[in-house]
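To keep things clear, I will list the structure first and then write my remarks on it.
Chain identifiers are assigned alphabetically (A, B, ...) following the order of the sequence lines, protein sequences preceding nucleic acid strands; residue numbering begins at 1 within each chain. Remember, predicted model here, so these are calculated numbers, not experimental data.
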There are 4 protein chains.
Amino acid sequence: METDEATGHPTRGRPRSEKRKAAILAAAGDLMMEGGLKAATMEAIAARAGVGKATVYKWWPSRGAVALEGFMLRAADSWTLPENAPAEESLRVIAVAAVRLFTRSPAGPLMRALAADAQSDPEIAQALREQWLSPRRAVTAEVLREGMRRGELRADLDIPATIDLIFGPVYFRLLFGHEPLDEAFAERTVRQAMAGIGADGNSPVRAVAQTERSVQ
Amino acid sequence: METDEATGHPTRGRPRSEKRKAAILAAAGDLMMEGGLKAATMEAIAARAGVGKATVYKWWPSRGAVALEGFMLRAADSWTLPENAPAEESLRVIAVAAVRLFTRSPAGPLMRALAADAQSDPEIAQALREQWLSPRRAVTAEVLREGMRRGELRADLDIPATIDLIFGPVYFRLLFGHEPLDEAFAERTVRQAMAGIGADGNSPVRAVAQTERSVQ
Amino acid sequence: METDEATGHPTRGRPRSEKRKAAILAAAGDLMMEGGLKAATMEAIAARAGVGKATVYKWWPSRGAVALEGFMLRAADSWTLPENAPAEESLRVIAVAAVRLFTRSPAGPLMRALAADAQSDPEIAQALREQWLSPRRAVTAEVLREGMRRGELRADLDIPATIDLIFGPVYFRLLFGHEPLDEAFAERTVRQAMAGIGADGNSPVRAVAQTERSVQ
Amino acid sequence: METDEATGHPTRGRPRSEKRKAAILAAAGDLMMEGGLKAATMEAIAARAGVGKATVYKWWPSRGAVALEGFMLRAADSWTLPENAPAEESLRVIAVAAVRLFTRSPAGPLMRALAADAQSDPEIAQALREQWLSPRRAVTAEVLREGMRRGELRADLDIPATIDLIFGPVYFRLLFGHEPLDEAFAERTVRQAMAGIGADGNSPVRAVAQTERSVQ
DNA sequence: AGCTAATCGAGACGGTACGTCCTGTCTTATC
DNA sequence: GATAAGACAGGACGTACCGTCTCGATTAGCT
């Protein structure tokens, strides 16, 4: 007997076809990768999936929503953080995994399309933050807190700002394409963030910074 | 007598109206800020500017191009780098100026709209890189090189990656809105980038990093 | 035990629900009267009847068929021809009954909807002719024949044309609405048809007509 | 200089293309005749005319409106009433012209489509009455009045009812198709209406009818 | 002053995609 | 087996913009 996942009530009527759902998400993903954001119209998605437009609208409110779900499907990035590794190593793994996802899978173009949509569609923006960014930021925050606890990282880090120091450069290059996005860049970003770009500890700049920091 | 700027030949016929050009750019900017990317249709821009659509197409190839020019007009950010200041101070000024531009002027929404368009329009992407990012990156690179020369910054910096370390977090927050974009954040980003997020110099992590670096 | 009406064999499975049949016909009729032809979609009929769309399609091939049956149900016009009355009186009863049906019952709007459907659906058209027009024309033809036999009516009547002379004006007003459709109109139509609109018998026009007729 | 027909003001903008207008009306007419009412969708009309759908909607509010105008175009029935002819002859010409129009030109199917639309679209219904029926009824009324004046027709005719006596049978057959619609039928209708279907003047029925009439 | 030519407003036009609605078919579980 | 519920492919609806086009009106330099 069919039962509804959420409520447990027996379902009525014809159940949703998982096959079509997959076909729609695949079509959306393919189109976005082939022709960019512009090619992935709802009409084209439905046509390519061999599905009526109404079926698409039945389950997703907008193209962005389809894209998001298609993205999540294809972005099943299965990086596992090394156990008991130093913080720098974990951050490196995280940053490299992000770059690898964006460059070696369909996820890159999809993320670009999603980010574009998010600029004019608050719902997409929110979904992107909540469903994509948040979990990754949470993992990263945990790595940072653990590193702080173990004395590998400064004790006074601003955690959100530090996360952005790692991810910001990656998304910046993804979206603007002004410089190549590759794993070496991810590693360099983490290394520079860890060690600082300032000259060794005794520099006056650093002293100032430390002073200010202690004042806060 | 009217003369053509480029050729110096005397122009024939009615000259282009600078008043309309300004009106179009203003209308485009206003619409993007009011209703976001979606509201700024070519039709709406022309209507608001009190201008025929053909006039807009005569001078700009696409909505993105109008937006870019409107953006440049409003983003006349007049930050002046302090003379002979330490590198950290200069970077701070640069980062804070960017945040201030995006949060205290129309440029923020405009940049978001442009970045979105750039994801599907290569011409916009290129124009954005060449006309907006490049000059700012050039200035920043010069600051970095000067800091390296003066011994304030590490001698082995990857300059493009370092620029992204400063700007990346700012654009990341602008485009995704997951955390507030304010001047304090810009300052913290620069400070953490300078000093590094790792614990003081003698940490083993840092040593490893340095070792690796020397190996490269 | 349920048995099939036609064969007498015991039926298998759940027997057809007469209750639903009635509900469907009622819903169809109501909708056509409320919102006209446009409102009576199959979907709306099924929903209002509390019935699955498939159930409707199971028993009727098209909306027009449902409408027709609903119409027949509501158009149970129980006029009884007066016994041994003069032809004119019988025709008057027939015409007035038609007008009364169309104006004082739901049958008017239903007939309008059916006639509209019949213009593009040959099956509806045929059903309308066979199930609705034919029996009424047959009764009317009999009245005419009887009148001719009794010498009340001309002996050389073209019976179908004469029937149309009585009914045509009624349906014309029903479908075009250019003039009010009421019982007085029905009576006047019959009276004028009987007596002729020409001036009394000795007019030259009449003579010509008779001459021509005799030639045929 | 282009001027607006109605106001005489100089027109602004690109003037309406008469060529497309003709193409749209032609396409609509063709489709209605080929595939009946159902085939003439707005989409098909636009496609066949090689025109954008918006262009059709710009000038006509609905398919029915296009159909009406297309009908009027093709129904340029140029019957001329004979001068000083007897009323019966004039009515015969009128009725035969109607039948001829409906059977020998595209106007028949078009009128059927229009009449169908009119059942659910009050605007079509009104337009049909005002633009099509009214002028023809006016001409016919004039014929009747002239006939009454000359003593060829009864002096106490109900003019609208008499007009329906002539046209009603024709439209009845056109729309229901229960009997053939041909010129002989039109002639017979007029002849029977003129002479009356009752037996010659001395019939008791007629006497009754006359009595009643004189009472009114 | 008249001529020539480019720009301008207005807006008609062929298209494309939108998001909605209904059709007629189908696939479930229930009765 | 008949049903309700409702998912589904398909297709037309009427709308909004797109980018192009064709008008008359305007505004300059050139003759």
Side-chain angles (χ1 to χ4, degrees), chain A residues 1-3 10-17 19-21 38 41-47 49-59 61-63, chain B residues 1-3 10-17 19-20 38 41-47 49-59 61-63, chain C residues 2 11-17 19-20 38 41-47 49-59 61-63, chain D residues 1-3 10-17 19-21 38 40-47 49-59 61-63:
Chain A
M1 189 210 293
E2 282 290 318
T3 53
T11 55
R12 312 253 304 185
R14 178 176 176 175
R16 176 175 183 187
S17 161
K19 199 176 61 184
R20 332 268 178 185
K21 178 177 172 177
K38 272 181 178 152
T41 66
M42 285 298 242
E43 217 137 70
I45 291 170
V51 142
K53 266 199 295 179
T55 303
V56 185
Y57 280 105
K58 182 124 227 271
W59 301 107
S62 66
R63 182 190 53 178
Chain B
M1 189 211 292
E2 282 291 318
T3 52
T11 56
R12 305 254 306 181
R14 179 176 178 174
R16 175 175 184 188
S17 162
K19 198 177 62 185
R20 329 256 183 205
K38 271 179 179 153
T41 66
M42 284 299 241
E43 216 137 70
I45 291 170
V51 142
K53 269 199 296 179
T55 304
V56 184
Y57 281 104
K58 185 113 223 272
W59 303 106
S62 68
R63 181 188 55 175
Chain C
E2 282 290 319
T11 55
R12 306 252 305 178
R14 179 175 177 177
R16 173 172 185 189
S17 161
K19 198 176 60 186
R20 330 251 182 208
K38 270 179 180 152
T41 66
M42 284 300 239
E43 214 138 72
I45 290 169
V51 141
K53 268 197 297 178
T55 303
V56 185
Y57 280 105
K58 184 113 223 273
W59 302 105
S62 67
R63 181 186 57 176
Chain D
M1 191 210 291
E2 282 290 316
T3 52
T11 55
R12 311 251 300 182
R14 176 175 177 175
R16 175 174 185 186
S17 160
K19 197 176 61 186
R20 334 269 176 181
K21 178 175 172 178
K38 271 181 179 152
T41 66
M42 284 299 241
E43 217 137 70
I45 291 170
V51 141
K53 265 199 296 178
T55 302
V56 185
Y57 281 105
K58 183 122 227 270
W59 302 106
S62 65
R63 182 189 54 178

Using the side-chain contact (heavy atoms from CB on, under 4.5 Å) criterion, which residues pair with [X]? Sequence neighbours excluded.
| X | result |
| --- | --- |
| A:A44 | A:L31, A:T41 |
| D:K21 | D:R16, D:E18, D:L25, D:W60, D:E69 |
| C:K38 | D:S120, D:D121 |

Nearest-Å distance, CZ (A:R16) to C1' (F:dG6)?
14 Å

Rounding to a whole Å, what distance do you find between B:K58:NZ and F:dC21:C1'?
14 Å

Taking only N and O in the side chain of C:W59, is any of them less than 4.0 Å away from OP1 or OP2 of F:dT3?
yes

Do any side-chain nitrogens or oxygens of B:T55 fall under 4.0 Å of OP1 or OP2 in E:dT7?
no

Want to settle it: does D:S17 or B:R20 sit nearer the 5' end of DNA chain E, counting the closest nucleotide to each?
B:R20

Which letters describe nucleotides 13-20 of chain F, given B = protein heavy atom under 4.0 Å from base, S = only from sugar-phosphate, - = neither?
BBB-BBBB

List for me each residue that meets side-chain hydrogen bond (donor to acceptor under 3.5 Å, both in side chains) alongside A:S17, sequence neighbours excluded, and say none if there are none.
A:R20

Contacts of A:R63 meeting salt bridge (Lys or Arg N to Asp or Glu O under 4.0 Å) (sequence neighbours excluded), chain-then-number -> A:D117

For the student: nearest non-hydrogen atoms of C:S62 and C:M42, plus distance:
C-CE, 3.7 Å

